[in-house]
*Asks:* 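Here it is: the structure, laid out below.
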Amino acid sequence: MIVVWSGLASDVGGVALFLVWLVIPLLYLVAVGRRYVRQSQENAQVAVRARDEVCQIREEHREGSHDLDAGE
């Protein structure tokens, strides 16, 4: 293990390759994370709109049933 590290330390290309090997997964996680956050926000907006529509329909239904009760 120490021999590998000392070999990498003397080889600048090896060190650069090692750093790239460390950075690429992090960049991938950031890209996937940003995409996930964007999709989650869009899905949350759709869910809020759907909830608002359901609440509006339920309220209209309640108002309609009150009108029927008042008319009888």
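For the numbers below, each heavy atom of this structure counts, side chains included, while hydrogens, waters and symmetry mates do not.
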*Asks:* Run the side-chain contact (heavy atoms from CB on, under 4.5 Å) test against R34 and tell me which residues pass, sequence neighbours left out.
*Replies:*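 side-chain contact (heavy atoms from CB on, under 4.5 Å) check on R34 returns V30.
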*Asks:* Which residues, ordered by chain and number, are linked to L27 in its hydrophobic cluster, where ILVMFWY side chains connect at heavy-atom gaps below 4.5 Å, directly or through other members?
*Replies:*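 V23, all in the cluster of L27.
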*Asks:* Mind checking who shares a hydrophobic cluster with Y28, ILVMFWY linked at side-chain heavy-atom distances under 4.5 Å?
*Replies:*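 For the cluster that includes Y28, the remaining residues are V32.
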*Asks:* Could you list the cluster mates of L26? Members are the ILVMFWY residues connected by side-chain heavy atoms closer than 4.5 Å, either directly or through other members.
*Replies:*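 Once heavy-atom contacts under 4.5 Å are chained together, L26 still belongs with nothing else.
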*Asks:* Tell me which pairs pass side chain to side chain donor-acceptor pair (under 3.5 Å) where either residue lies in residues 50-60, with sequence neighbours left out.
*Replies:*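 Those involving residues 50-60 are Q56-E60.
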*Asks:* When the side chains of residues 38-49 are checked against the rest of the protein, which donor-acceptor pairs come out under 3.5 Å, sequence neighbours left out?
*Replies:*
unit_1	atom_1	unit_2	atom_2	d
S40	OG	Y36	O	2.8
N43	ND2	Q39	O	3.3

*Asks:* Rest of the hydrophobic cluster containing L29 (Ile/Leu/Val/Met/Phe/Trp/Tyr, side-chain heavy atoms under 4.5 Å)?
*Replies:*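 Joined to L29, directly or through intermediates: none.
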